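The shown structure was predicted, so the numbers you read here are calculated from the model rather than taken from an experiment. Indexing begins at 1, ligand by ligand and atom by atom, following the structure's order.
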Amino acid sequence: MKVRKAIIPAAGMGTRFLPATKAQPKEMFPIVDKPAIQYIVEEAVASGIEDIIIVTGRNKKAIEDHFDRSIELEETLKKNKSQLLEAVKKISSLANIYYVRQKEPLGLGHAVYCARSFIGDEPFAVLLGDDIVCSDVPCLKQMMEVYEELQATILGVQKIPDTEVSKYGIVGCEPAGDRIYKVTSLVEKPTKSQAPSNIAILGRYIISPAIFECIENTTPGKGGEIQLTDALRLLMEREKLYAYDFIGERYDVGDRFGFIKATIEFALKRDDIKDSLIQYIKEKLNNEKLNNVPC
Ligand code: G1P
């Protein structure tokens with residue numbers, strides 16, 4: 001079956017980014033000049049997704065406004081800013097975007113469950129808003145190609161340093177092909193000694209619809225929340241689960257340093273900014289060196 005629909009959970013409160021997230025959604029923070037969530041939507045569209053549901057919460061209205069038409073703005077840009085006009089108009093026609101609210105912050109598994117009637121009985125993708133992947137072939141597209149072959153749930157993974165296992169869903173697995181593993185165990189944010197490996201789920205999933213029944217049977221786990229990782233463990237008892245080691249650089253833009261790294265990386269890819277940024281960083285580093293010379 002073809003994967004046509006995607007869920008983008010965006011209901012999180014963004015506590016790692018306070019005070020900036022007090023009154024604005026972290027998903028709208030710009031990486032250079034494009035909101036983080038637009039990168040995610042564009043990745044989904046470039047991977048062949050037609051319908052997207054964004055799971056929002058309170059304080060997230062700006063996300064809906066961003067993907068809507070802005071007639072007044074378009075009228076103003078029409079006068080003499082035709083390039084910007086095209087960029088602005090394009091956003092509202094990227095995909096069919098729907099919204100559902102997660103009324104309480106009960107965890108990622110619960111957020112995915114909020115979209116169950118939209119998804120129905122077909123396999124679907126999940127793209128987490130905090131994870132931006134920079135790659136030649138979009139990360140989800142790579143996974144779609146693997147899905148064509150395996151027709152089973154696939155988790156986008158990469159190896160991470162052992163010291164970071166407690167930040168992620170970690171899989172235990174065995175090799176099953178080129179960059180593909182068969183998943184044999186899953187743990188949400190384990191301690192270093194509990195972790196079955198250092199292979200982490202990094203915000204991209206293609207999931208069978210049987211997950212919804214599994215979420216119904218998932219009790220609160222890490223942090224008292226309904227964890228998607230725990231529901232996937234139940235799914236593994238019923239169906240095969242695979243992990244795919246995707247090609248690309250992944251940034252955690254929900255984290256301050258990850259956000260700064262992504263900003264620099266994307267700015268370095270922009271012809272209009274790249275040269276001045278490199279020059280600025282060089283000057284900065286030279287000054288830093290000079291400042292550190294003992295006098
Ligand atoms: C979520 C998932 C976790 C996954 C991570 C990827 O955690 O629960 O399994 O590894 O995203 O970024 P969060 O970072 O939302 O706490």
*Just need the protein heavy atom nearest to atom 12 (O) of ligand 1, so name the residue and atom and give the distance.*
D131 OD2, 3.0 Å
*Per the side-chain contact (heavy atoms from CB on, under 4.5 Å) rule, which among V146, L155, L150, I206 passes with Y244?*
V146
*Give the residue, atom name and distance (to 0.1 Å) of the protein heavy atom nearest atom 4 (C) of ligand 1.*
I201 O, 3.4 Å
*atom 15 (O) of ligand 1 within contact range, any protein heavy atom under 4.0 Å*: no
*Would you mind checking which non-hydrogen protein atom is closest to atom 11 (O) of ligand 1, with the distance to 0.1 Å?*
L128 CD1, 3.3 Å
*What residue and atom, counting heavy atoms only, is the protein's closest point to atom 13 (P) of ligand 1, and at what distance?*
K189 NZ, 3.6 Å
*May I ask you to check whether F118 and Y98 place their ring centres under 6.0 Å from each other?*
yes
_D245 side, atom CG; Y181 side, atom OH - distance, nearest 0.5 Å_ = 5.0 Å
*asked:* Taking the basic N atoms (NZ, or NE/NH1/NH2) and the acidic carboxylate oxygens, is any pair closer than 4.0 Å for E74 and K89?
replied: no
*asked:* With salt bridge (charged side-chain N to carboxylate O under 4.0 Å, His left out) as the test, pick out the partner of E43 among R250, R204, K141.
replied: R204
*Does the side chain of E225 come within less than 4.5 Å of H110's, by heavy atoms?*
no
_Option with minimal heavy-atom separation from atom 2 (C) of ligand 1, where the choices are Q227, R250, K222, E188_ = E188
*asked:* If we only consider heavy atoms of T229, is any one of them less than 4.0 Å away from an atom in ligand 1?
replied: yes
*What atoms of ligand 1 come within less than 4.0 Å of a heavy atom belonging to G169?*
3 (C), 4 (C), 9 (O), 10 (O)
